[in-house]
S.K.: 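I'd like to ask you about the structure that follows.
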Amino acid sequence: QVQLVESGGGLVQPGGSLRLSCTVSGNIFSIYAMNWYRQAPGKQRELVATITAGGSTNYTDSVKGRFTISRDNTRTTVYLQMNSLKPEDTAVYYCNADAFVDSYSRHNFWGQGTQVTVSS
């Protein structure tokens with residue numbers, strides 16, 4: 001059983017900051033990449049940021065320079081530091097683990113989602 005538990009969402013004013021956390025637990029053999037997605041009302045889920053096993057990061061254009069994805073030394077907790085937040089960042093944010101449960105079985109695992117609302 002693999003679990004992803006997210007925290008850190010909330011209400012923030014435009015220009016403010018939030019940090020999301022996601023901790024992975026359970027039967028994981030290795031993690032290929034950790035991702036943050038978001039889904040705004042009436043829109044498709046979009047990939048926001050990725051950190052690979054090697055530490056490479058990638059961001060969607062709309063958050064470059066404002067958001068930073070990172071992880072702790074155990075590589076089981078990933079963070080999304082969000083600065084200079086805009087109303088258009090309002091969405092449910094989901095943590096995703098692209099991981100192997102053994103040496104050949106690769107799966108996607110999802111957290112429950114955390115609401116981020118940017119509003120004055």
Side-chain angles (χ1 to χ4, degrees):
Q1 189 79 1
V2 175
Q3 281 192 317
L4 278 68
V5 179
E6 301 150 348
S7 62
L11 173 65
V12 64
Q13 292 186 340
S17 298
L18 283 175
R19 189 175 84 153
L20 306 182
S21 299
C22 172
T23 299
V24 183
S25 62
N27 187 25
I28 293 285
F29 179 74
S30 66
I31 294 176
Y32 181 80
M34 294 290 296
N35 307 289
W36 285 99
Y37 285 77
R38 67 185 179 186
Q39 188 167 19
K43 295 188 176 181
Q44 289 190 330
R45 190 172 297 191
E46 68 167 339
L47 177 60
V48 175
T50 296
I51 185 164
T52 68
S56 298
T57 58
N58 196 33
Y59 301 91
T60 191
D61 285 346
S62 63
V63 308
K64 284 180 181 177
R66 300 188 298 121
F67 290 12
T68 302
I69 189 170
S70 63
R71 62 189 180 195
D72 70 352
N73 289 336
T74 68
R75 302 185 182 185
T76 58
T77 298
V78 64
Y79 305 98
L80 186 67
Q81 178 66 44
M82 305 184 293
N83 298 328
S84 302
L85 282 160
K86 305 175 180 180
E88 51 264 42
D89 295 317
T90 295
V92 178
Y93 284 71
Y94 296 92
C95 180
N96 167 269
D98 181 356
F100 289 85
V101 295
D102 53 39
S103 59
Y104 52 87
S105 300
R106 183 174 168 181
H107 298 276
N108 267 291
F109 300 97
W110 294 89
Q112 79 282 3
T114 186
Q115 177 70 46
V116 172
T117 303
V118 185
S119 175
S120 54

S.K.: Between S119 and L11, does a side-chain contact (heavy atoms from CB on, under 4.5 Å) hold up when you go through it step by step?
M.R.: CA-CA 7 Å; S119 175; L11 173 65; 4.2 Å; yes
S.K.: Would a hydrophobic clustering, with Ile, Leu, Val, Met, Phe, Trp and Tyr connected at side-chain separations under 4.5 Å, put Y93 with V63?
M.R.: yes
S.K.: Nearest 0.5 Å, please: how far is CG in D98 from CD1 in I31?
M.R.: 9.5 Å
S.K.: With hydrophobic residues grouped by side-chain heavy-atom distances under 4.5 Å, do Y59 and L18 end up in a single group?
M.R.: yes
S.K.: Verify, without hydrogens or angle tests, whether T90 (side chain) and V118 (backbone) share a donor-acceptor contact under 3.5 angstrom.
M.R.: yes
S.K.: For the pair W110 and Y94, name the ring-plane relationship: parallel under 30°, tilted 30 to 60°, perpendicular over 60°.
M.R.: perpendicular
S.K.: What's the separation between atom CG in L47 and atom CG in N58, rounded to the nearest 0.5 Å?
M.R.: 7.5 Å
S.K.: Check for me, please, whether L4 and V101 land in the same ILVMFWY cluster - side-chain distances under 4.5 Å, paths through other members count.
M.R.: yes
S.K.: Nearest 0.5 Å please: distance from the CZ atom of F29 over to the CG atom of D102.
M.R.: 7.5 Å
S.K.: Determine whether more than 12 heavy atoms belonging to other residues, nucleotides or ligands lie under 6.0 Å from atom CD of Q3.
M.R.: no
S.K.: Does atom CD (Q44) have a neighbourhood of more than 12 heavy atoms from anything else shown, all under 6.0 Å?
M.R.: no
S.K.: Could you check whether any side-chain heavy atom of Y79 comes within less than 4.5 Å of a side-chain heavy atom of T68, counting everything from C-beta outward?
M.R.: no
S.K.: Charged N to carboxylate O below 4.0 Å: is that the case for D89 and K86?
M.R.: no
S.K.: Would you kindly say whether N108 and N96 are connected by a side-chain donor-acceptor distance under 3.5 Å?
M.R.: yes
S.K.: Distance from T60 atom OG1 to R38 atom CZ, nearest 0.5 Å?
M.R.: 7.0 Å
S.K.: side-chain contact (heavy atoms from CB on, under 4.5 Å) between M34 and V24: does it pass, once the steps are laid out?
M.R.: CA-CA 10 Å; M34 294 290 296; V24 183; 3.5 Å; yes
S.K.: Out of the candidates I51, T76, T77, only one should pair with R71 under the side chain to side chain contact (heavy atoms under 4.5 Å, CB included) rule; please name it.
M.R.: I51
S.K.: Hydrophobic cluster membership, with links at side-chain heavy-atom distances under 4.5 Å among I/L/V/M/F/W/Y: are F109 and Y37 in one?
M.R.: no
S.K.: Evaluate the side-chain proximity of R66 to M82: yes if any heavy-atom separation is below 4.5 Å, no if none is.
M.R.: no
S.K.: What's the shortest heavy-atom distance between S17 and Q81, and which atoms?
M.R.: CB-NE2, 4.0 Å
S.K.: Would you find more than 12 non-hydrogen atoms of other residues, nucleotides or ligands less than 6.0 Å from F100 atom CZ?
M.R.: yes
S.K.: Quick check on the hydrophobic clustering: are L20 and V12 connected, directly or via other members, by side-chain heavy-atom contacts under 4.5 Å?
M.R.: yes
S.K.: Between E6 and C95 (side chain of the first, backbone of the second, donor and acceptor by atom type, cut-off under 3.5 Å), is there such a pair?
M.R.: yes
